[in-house]
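As the structure lists them, so they are numbered: ligands from 1, and atoms in each ligand from 1. Note that the structure is predicted; figures quoted are calculated from it, not measured. In what follows, residues are counted from 1 in the order of the sequence shown. Because only heavy atoms are used, hydrogens play no part in the values below, and waters and symmetry mates are left out as well, while side chains stay in.
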Amino acid sequence: MRIAIIGAGSVGQTLAQGWSKAGHAVKLGVLNPKAEKYRSLPAAQLTTPAAAAADAEIIVLATPWPKTEAAIGGLGNLAGRIVVDCTNPLTSGPQGMGLEIGHDISGGEKVAQWAKGAAVFKTLNHIGAANMATAREFKVRPAMFVAGDDAAKKPAVLKLVGDLGFEAIDAGPLSNARLLEPLAMLWIDQALVRGRGPDFAFALVKRG
Ligand SMILES: NC(=O)c1ccc[n+]([C@@H]2O[C@H](COP(=O)([O-])OP(=O)(O)OC[C@H]3O[C@@H](n4cnc5c(N)ncnc54)[C@H](OP(=O)(O)O)[C@@H]3O)[C@@H](O)[C@H]2O)c1
């Protein structure tokens, strides 16, 4: 598939590697593709967000939460498009990590308001970036939940997540992003606060 990843930080770069390896055509969209920090990335993949998104079949948001509304605004009309939202609306302060919005709304649902008419899916937010292209290296297949409302477009997103090596699991409607964003906090807490480190994933196992 033709995939546009908006943002080329930890998540954007790793997803680009993983999907390129799986045979997808990936473009990375950043505001300044010529910036020194992107020198090591394949030049053919790097472009502006609007150019990356123009003919993409799937648009993936890998931007910091505070920049996400503006990033979506730079992509033009997204009606009818598939948008995969990997962002997390996290805050940090003296009390530790928190959610900027949550419980009765989610970042995923805000993204759907900003990307009017797009089919928005929340996924690839509840694991550390370093595991996103190495899911096949786990002894038990890591789980990756996918929440979104468009039943017709969901199989394409589940397939794309599966192509990275995850067990892609339909997590129901986009409003269940309210569950997946705190799950990202649990992953971060385990990795950084409980001392587990970043090389782990959640898995779903069945009795019998
Ligand atoms: N890091 C993780 O392990 C992880 C895991 C799961 C989910 N997430 C979530 O995924 C998102 C990205 O995380 P990250 O760690 O990859 O962030 P990051 O390393 O800070 O990278 C963010 C990227 O977004 C770009 N960007 C900023 N504003 C933009 C705009 N308006 N249009 C296009 N690109 C823009 C930045 O470019 P410039 O720097 O050039 O502005 C940079 O390339 C965050 O919402 C995070 O919460 C992160």
Side-chain angles (χ1 to χ4, degrees), residues 3-19 26-43 45-54 56 59-76 78 83-92 96-102 106-111 114-115 120-135 142-147 160-161 164 166 171 177 179-193 196-202:
I3 305 171
I5 303 174
I6 310 306
S10 310
V11 172
Q13 291 189 29
T14 312
L15 289 177
Q17 283 164 18
W19 279 323
V26 178
K27 288 263 157 80
L28 279 161
V30 289
L31 294 176
N32 181 7
K34 299 215 179 319
E36 183 65 31
K37 64 179 174 179
Y38 300 128
R39 271 259 174 106
S40 61
L41 300 179
Q45 279 189 350
L46 264 178
T47 183
T48 61
I59 299 166
V60 179
L61 299 174
T63 45
W65 175 250
K67 305 281 179 69
T68 298
E69 182 176 7
I72 291 169
L75 301 178
L78 293 176
V83 172
V84 170
D85 171 26
C86 309
T87 68
N88 282 309
L90 301 183
T91 56
S92 67
M97 194 173 24
L99 284 173
E100 188 181 304
I101 56 170
S106 61
E109 291 161 279
K110 289 300 274 184
V111 163
W114 297 330
V120 175
F121 296 89
K122 168 69 72 177
T123 188
L124 292 165
N125 72 307
H126 48 282
I127 193 167
N131 303 299
M132 290 180 185
T134 51
M144 183 52 63
F145 293 104
V146 178
L160 216 56
V161 169
L164 292 169
F166 291 103
L179 310 178
L180 299 186
E181 290 161 7
L183 191 57
M185 293 172 70
L186 181 66
W187 189 95
I188 295 166
D189 182 79
Q190 282 287 312
L192 302 182
V193 184
R196 188 178 295 280
D199 302 330
F200 78 98
F202 299 127

Less than 4.5 Å apart, side chain to side chain, heavy atoms only: is that true for Ile5 and Val26? yes
Just to be sure I understand the cut-off, which residues have at least one non-hydrogen atom under 4.0 angstrom from an atom of ligand 1?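 Contacts of ligand 1 under 4.0 Å: Ile6, Gly7, Ala8, Gly9, Ser10, Val11, Gly29, Val30, Leu31, Lys37, Tyr38, Pro49, Ala62, Thr63, Pro64, Trp65, Lys67, Ala71, Cys86, Thr87, Asn88, Leu124, Asn125, Ile127, Gly128, Ala129, Met132.
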Mind checking side chain to side chain contact (heavy atoms under 4.5 Å, CB included) for [X] and listing every partner two or more places apart, or none if nothing turns up?
| X | answer |
| --- | --- |
| Thr91 | Glu100 |
| Ala184 | Asn88, Asn125, His126 |
| Thr68 | Leu61, Thr63, Trp65, Ile72, Thr87, Val111, Trp114 |

Sidechain-backbone polar pair: Thr123 side chain, Phe145 backbone, donor-acceptor under 3.5 Å: yes
Can you check whether Gly102's main-chain N or O pairs, donor with acceptor, with Glu181's side chain at less than 3.5 Å? no
